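To find a chain, count down the sequence lines: A is the first, B the second, and so on, and within it residues start at 1. These figures come from a predicted structure and were not determined experimentally.
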2 protein chains.
Amino acid sequence: MLDERRAAILRAVVEGYIETAQPVGSSLVARTGGIPVSSATIRNEMVALEQEGYLVQPHTSAGRVPTDKGYRFFVDTMAGHGKLDTARRQQVSSFFATAHGAIEDMLHATSQLLSNLTDYAAVVVAPQSEQATIRSVQLVALGGNTALLVAVLSNGSIEKATVDVPDEIGDERIGAATTHLSRSLVGGTLTDLAACPTSGDQQTDDLCAAAVAALRPNRGTEIDHVYVGGASRMATAFDAVDSVRRVLTTLEQQYVVVGLLRDVIDRGLSVAIGAEHGLEALADCSIVVAPYEVEGELAGTIGVLGPTRMHYPQALAAVAVVSQRLGRRLSEG
Amino acid sequence: MLDERRAAILRAVVEGYIETAQPVGSSLVARTGGIPVSSATIRNEMVALEQEGYLVQPHTSAGRVPTDKGYRFFVDTMAGHGKLDTARRQQVSSFFATAHGAIEDMLHATSQLLSNLTDYAAVVVAPQSEQATIRSVQLVALGGNTALLVAVLSNGSIEKATVDVPDEIGDERIGAATTHLSRSLVGGTLTDLAACPTSGDQQTDDLCAAAVAALRPNRGTEIDHVYVGGASRMATAFDAVDSVRRVLTTLEQQYVVVGLLRDVIDRGLSVAIGAEHGLEALADCSIVVAPYEVEGELAGTIGVLGPTRMHYPQALAAVAVVSQRLGRRLSEG
DNA sequence: GCTGGCACTCGTTACTCTTGAGTGCCAGGA
DNA sequence: TCCTGGCACTCAAGAGTAACGAGTGCCAGC
């Protein structure tokens, strides 16, 4: 473990680098770090910090830059996570006070809010539909030989799937299937889609089986909808165009993003720094995540993606506040 | 109008610049342009082309670069729009052969296809729901004092809206409202949402009125869903980071994108070059657009966004093929 | 009207020199 | 033992200079 003085020096370097994006030298730390020793002493300590892997020197005559390990220490020993300034608190409050409309639109807007708050890219993973119960099931003929199965879930989201039906199927048969499906599925969840009990009518049973089958493959793969806000801000976070390209390409792959957030949450972290999350393309990015709860149940995840030298206290505070407010808002329905 | 030789020189400059992104000199044109005159003569012609506004010179001792007007001439006189190479045709065919699932997912995938084909960003505007008829309407209680109104449209898309309902409303009343709404709305379109005729029951009527009102504001504003694919490719199209940022920020504003495409289509164009579309942030971008038809009706729009020096023949060919195939695919249902 | 020739322009590249921020180390002092 | 001021050293960044060469405009001659 680091003694108090070294920790203070490390913190000063991290803060300086986050602010200026320039390597931080001993004299700057001596002047502004609040540590009552000379720059020579700080230099000696910095050598030690470098040997222990908290700092690196881009080249001999430059200052120090934090490593992932350095950022990790900084985040882990950060006091109280910081608070949002009043302007931002205000912004959050008024957002959730006026938020309305379909849940998808609200989650999308939330990702933009979070991006605005932090000036980084933001990600919102929609509540998992796994625990939501089915409130309504309906089969609607679309013409031709397709029909649409629409399931309304208790969290206000909708799952739908196209079903192939025999040509020239009659309305009354669709209706029969709808009532039969309703009877057996409503009240259950998407995860335990039971096969429909037989109804006595062969054609209706076939239809129901096809419908259930159509609804099933959604589960697991693409059920996690994700909203990415402010991806364009990554363009200013890096000055190398190809870094920007790499990061944006990754952000476009929704399943990667979902997997990334889930992975971080599963490991019990709220921050993943640089290479910690294992995605090479995001090696000089950090993400700050938080789950949100709806009616006491863990429902989804939100996160902020920025460069490793991101402003952690502010990002953590923003993510915490937004996740809490979002959960509360969604619990109200 | 340009005489044939000048036109050939202009075309050679445009093609050269598109390929190399470097100013094109007279000697290159003389060597590779297929024009049997010396570079000196070409220089003389270039002076004229510059005076007429087709070319500019970045600085005295540099080659020429096309202006928007130059690109415009190139595009307008381009022969036959070019064909996709077989590999790309193959890609399109296999995409539409295997495309399946919900319409939203398919449109999203289509935008990625188009982006892959052209190596630029691609945009797909979903079919407008205005002409689609309502196939089914259902009100579902969500608990608390909210209910969800779900309307299934004939094109397979779904419109939904939350409706405030009195506390402790009974299932039978929701059911009554559903049947009443079905009776009056099914078969119509979203644009001519008639007020429900009175049912004789005050509470049911109130509920129906609220439901219709909730569905209405969707129209006009956010009804045009849009899918942007491959936005990250814009990061390699420009080398200035802030150009990238500007373009990406614009692409994130969906209503701007929709308006842009619509505007171009309305003006009867299939290509908008540089400043032609009037969006300052996209001043050095061009877009290539095409409408697509579902069952003979104009339904939506697709487009490709790239730098002004984009590869027009290929982009036009890709957009044409994809719009046609997409329309056909959607017509099949 | 086209062409070869030629002087001229000016961005690009390479090289050198200087500057200055920052370092490591050391000897002296608390 | 630990801290500090001093000092020589390193090296990226910036400025200045020179050579290069791609490309131009212009002109005299065919």
Side-chain angles (χ1 to χ4, degrees), chain A residues 2-67 70 239-240 309, chain B residues 2-67 70 239-240 309:
Chain A
L2 298 177
D3 66 30
E4 188 42 47
R5 192 171 71 183
R6 273 186 202 167
I9 292 172
L10 176 52
R11 266 191 288 270
V13 172
V14 173
E15 281 167 3
Y17 188 69
I18 285 174
E19 195 163 338
T20 66
Q22 300 294 326
V24 177
S26 57
S27 63
L28 182 68
V29 174
R31 266 184 286 120
T32 66
I35 306 157
V37 293
S38 74
S39 67
T41 307
I42 291 181
R43 275 200 291 283
N44 289 331
E45 298 288 42
M46 279 173 143
V47 171
L49 283 166
E50 184 166 1
Q51 281 168 350
E52 294 178 52
Y54 293 101
L55 298 175
V56 282
Q57 231 177 342
H59 55 85
T60 316
S61 69
R64 274 12 187 250
V65 169
T67 60
D239 39 342
R309 56 157 216 287
Chain B
L2 298 177
D3 66 31
E4 188 42 47
R5 193 170 71 183
R6 272 187 202 166
I9 293 173
L10 176 52
R11 266 191 287 270
V13 173
V14 172
E15 280 167 4
Y17 189 68
I18 285 173
E19 195 164 335
T20 66
Q22 299 294 326
V24 178
S26 56
S27 62
L28 183 67
V29 174
R31 266 185 286 120
T32 66
I35 305 157
V37 293
S38 75
S39 67
T41 307
I42 290 181
R43 277 201 290 282
N44 289 330
E45 299 287 43
M46 279 173 144
V47 171
L49 283 167
E50 182 165 4
Q51 279 168 350
E52 294 177 51
Y54 293 99
L55 299 176
V56 283
Q57 230 176 343
H59 55 85
T60 316
S61 68
R64 287 341 198 267
V65 169
T67 60
D239 40 341
R309 55 158 215 286

_Counting the atoms with a prime plus P, OP1 and OP2 as sugar-phosphate, which does B/Ser39 contact under 4.0 Å by heavy atoms, base, sugar-phosphate, or nothing?_
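Contact class for B/Ser39: none.
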
*Just checking A/Ala40: base, sugar-phosphate only, or nothing, at a heavy-atom cut-off of under 4.0 Å?*
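Base contact.
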
Name the closest nucleotide to the [X] side chain, picking from [options].
X       : options                : answer
A/Val47 : C/dG24, D/dC3, C/dG4   : C/dG24
B/Thr60 : C/dT23, C/dC10, D/dC11 : C/dC10
B/Gln57 : C/dT23, D/dT24, C/dG4  : D/dT24
A/Ser61 : D/dT4, D/dT10, C/dT23  : D/dT10

_Test item: A/Val13 and A/Tyr54 side chains (from C-beta on) under 4.5 Å apart, heavy atoms_ =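 Side-chain contact under 4.5 Å: no.
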
_Counting C-beta onward and ignoring hydrogens, is there a side-chain heavy-atom pair between A/Val29 and A/Arg64 closer than 4.5 Å?_
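SC-SC contact between A/Val29 and A/Arg64 ruled out.
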
*Check whether more than 12 heavy atoms from other residues, nucleotides or ligands sit under 6.0 Å from atom CG of A/Asp3, and answer yes or no.*
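More than 12 within 6.0 Å, yes.
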
*Are any side-chain N or O atoms of A/Thr67 and backbone N or O atoms of A/Gly53, one a donor and one an acceptor, separated by less than 3.5 Å?*
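Yes; judged by distance alone, with no hydrogens or angles, the pair exists.
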
_B/Arg43 (side chain) and C/dG5 (base): donor-acceptor pair under 3.5 Å_ =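 Counting by modelled atom types and ignoring angles, a donor-acceptor contact under 3.5 Å is found here.
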
*C/dC2 base to B/Thr41 side chain: any donor-acceptor pair below 3.5 Å?*
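When only heavy-atom distances are counted, B/Thr41 does not reach the base of C/dC2 through any donor-acceptor pair under 3.5 Å.
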
Atom-to-atom span, [atom1] of [X] to [atom2] of [N] - whole angstrom:
X       : N      : atom1 : atom2 : value
A/Met46 : C/dC25 : CE    : C1'   : 17 Å
B/Gln51 : D/dT24 : CD    : C1'   : 14 Å
A/Glu45 : D/dT1  : CD    : C1'   : 14 Å
B/Gln22 : D/dG23 : CD    : C1'   : 13 Å
A/Leu49 : C/dG24 : CG    : P     : 12 Å
B/His59 : C/dT12 : NE2   : P     : 6 Å
B/Asn44 : D/dC27 : CG    : P     : 11 Å
A/Tyr17 : C/dG22 : OH    : P     : 14 Å

*asked:* Tell me whether the side-chain N/O atoms of B/Arg5 come closer than 4.0 Å to OP1 or OP2 in C/dG1.
replied: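 Checking C/dG1 against B/Arg5, no side-chain N or O comes under 4.0 Å of OP1 or OP2.
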
*Is the shortest side-chain N/O distance from A/Arg64 to OP1 or OP2 of C/dT23 below 4.0 Å?*
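So the side chain of A/Arg64 is within the cut-off, an N or O lying under 4.0 Å from OP1 or OP2 of C/dT23.
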
*Select from B/Pro58 and A/Pro23 the residue whose nearest nucleotide in DNA chain C is closer to the 5' end of that strand.*
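Here B/Pro58 is the residue nearer the 5' end.
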
_Charged N-O contact under 4.0 Å between A/Glu4 and A/Arg11_ =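 So A/Glu4 pairs with A/Arg11 through a salt bridge.
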
